[in-house]
Amino acid sequence: MQCRLFLVASEADAKRLYAALGTEFEPDGFAIAITDTDEAARLHTVELYVDETEVTETQTRITSLLSELGLALPVEREDLPDIDWVAKSLEGLKPVRAGRFLVHGAHDRDKRRPNDIAVEIEAGLAFGTGHHGTTAGCLEMIEQVVRRERPRNVLDLGTGSGVLAIALARWAHVPVLATDIDPVATAVARANAALNGVGRLVHGVTATGFAHRDVAARAPYDLIIANILARPLMKLAPDMARHLRSGSSLILSGILVRQREAVLAAYVGQCFRHVRTMRRGEWVTLHLKR
Ligand code: SAH
C-alpha cells in the first residue's frame, strides 16, 4: 500500500521544508510535492508518497529534518488503498474496429459479429489495446496487404501486447515472429496469443531490433510490421532492408505526421518505395515496398 505523508505549514516554512526534503529524499526517488492548500490563510501542504514499508523510517527522517530546520510540525499520514488502475482503465475500454478486426477485452465478447476477426486483449502490462491510432492504422494496413500479398513468413517487431501478431495469425493463418525489447511484453504477447487460439502460430522472442539469432534465422520475411517510434525506425532501415524478401511489404507506424518525411528518406535511402500513407490523428502508418 502507498502512504501519503504530509505537513501543513505557512508558505515560508513549507518552502524551506520542501527544499530540504528534496535534498534529503530525491536521491531515493520519492515523489515530493508542495501545494497551496488554503489561499486565504496562506497555508501550504508539503507531501511525500512512500510505500507503507518505508513509513516509519521516513517519518523519523522527516522529524530529524524538522528539528534541524527549527520547525515543530506534526507529520500526518494518509493511507492510499491499492487500486488496480490498469484493470480499472481497461474496464472502460470500448472495443475497437479497424478493417475487419475487432479488438476487445473479455468483457466485450458479446460484441463480436459473425464476420469479425476478433482479437481479445487483456493488455495490462504491455502496449496495444487497439485504441492508439498507430495500432488501428497498422491493423487496417495489415488487412489490405494480407489480402493482396498472402505473406507466409511475418515479423511483428515491437509486438507489445501481441495485438498485431495475433490479428495477422488469425487472418492469414501463418506463423508470425513477435519480438519485443521488453521481456514482459513478450510474455504478455505469448499469453494473449494462446488466449486467442494462435499460440502455435505466434512465436514470441525478446530482442532489440534484429539482434537475436532466432530473428535473423527466420529471415527473409515477406512482411514486416514495426509500430515503434520514428527514431528507432530510422536506425533500423538498413536491417529492415537486409531481412525483407525483395518485392515484399513493410508496414511502419509510431510516426508523427511531422516525422514522416525523415522516416521516408531513411527508407528510400535503402531502396524502399512508398506505397501508401494512412493518417489517424497526429500519427501516420506507412506502407513501403522493396
Ligand atoms: N505492436 C503493438 C505495440 C506497439 S508499442 C501495437 O501496435 O499496438 C511498441 C513496442 O515496441 C513496445 O512494446 C516496445 O517495448 C517495443 N520496442 C521499442 N523499440 C524496440 C526495438 N528496437 N526492438 C524491439 N522492440 C522494441
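Quick caveat: nothing in here was measured; it's all calculated off a predicted structure. Counting convention: from 1, in listed order, for ligands and their atoms alike.
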Partner set under side chain to side chain donor-acceptor pair (under 3.5 Å) for R100, not counting sequence neighbours: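 Testing R100 for side chain to side chain donor-acceptor pair (under 3.5 Å), a comparison that skips the adjacent residues, returns none.
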Determine whether F272 and I225 fall in the same hydrophobic cluster, where Ile, Leu, Val, Met, Phe, Trp and Tyr are linked whenever their side-chain heavy atoms lie under 4.5 Å apart. no
Is L139 reachable from I255 through a run of hydrophobic residues whose side-chain heavy atoms are each under 4.5 Å from the next? no
Under a 4.0 Å threshold between the charged nitrogen and the carboxylate oxygen, would E120 count as salt-bridged to R112?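 Counted as a salt bridge, because a side-chain N and a carboxylate O are separated by less than 4.0 Å.
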Taking NZ in K111 as the centre, count heavy atoms belonging to other residues, nucleotides or ligands within less than 6.0 Å. Is the count above 12?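 More than 12 within 6.0 Å, yes.
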Give me the atom names and distance for the closest heavy-atom approach of I166 to A189.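 Closest approach of I166 to A189, heavy atoms only: CD1-O, 4.4 Å.
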Protein N/O near ligand 1 N/O, under 3.5 Å, which pairs?
residue  : atom   : partner : partner atom : Å
ligand 1 : 1 (N)  : G158    : O            : 2.9
ligand 1 : 1 (N)  : T159    : O            : 3.4
ligand 1 : 7 (O)  : N227    : ND2          : 2.7
ligand 1 : 8 (O)  : T135    : OG1          : 2.7
ligand 1 : 13 (O) : D180    : OD1          : 3.4
ligand 1 : 13 (O) : D180    : OD2          : 2.7
ligand 1 : 15 (O) : D180    : OD1          : 2.6
ligand 1 : 23 (N) : G209    : N            : 3.0
ligand 1 : 25 (N) : I181    : N            : 3.2

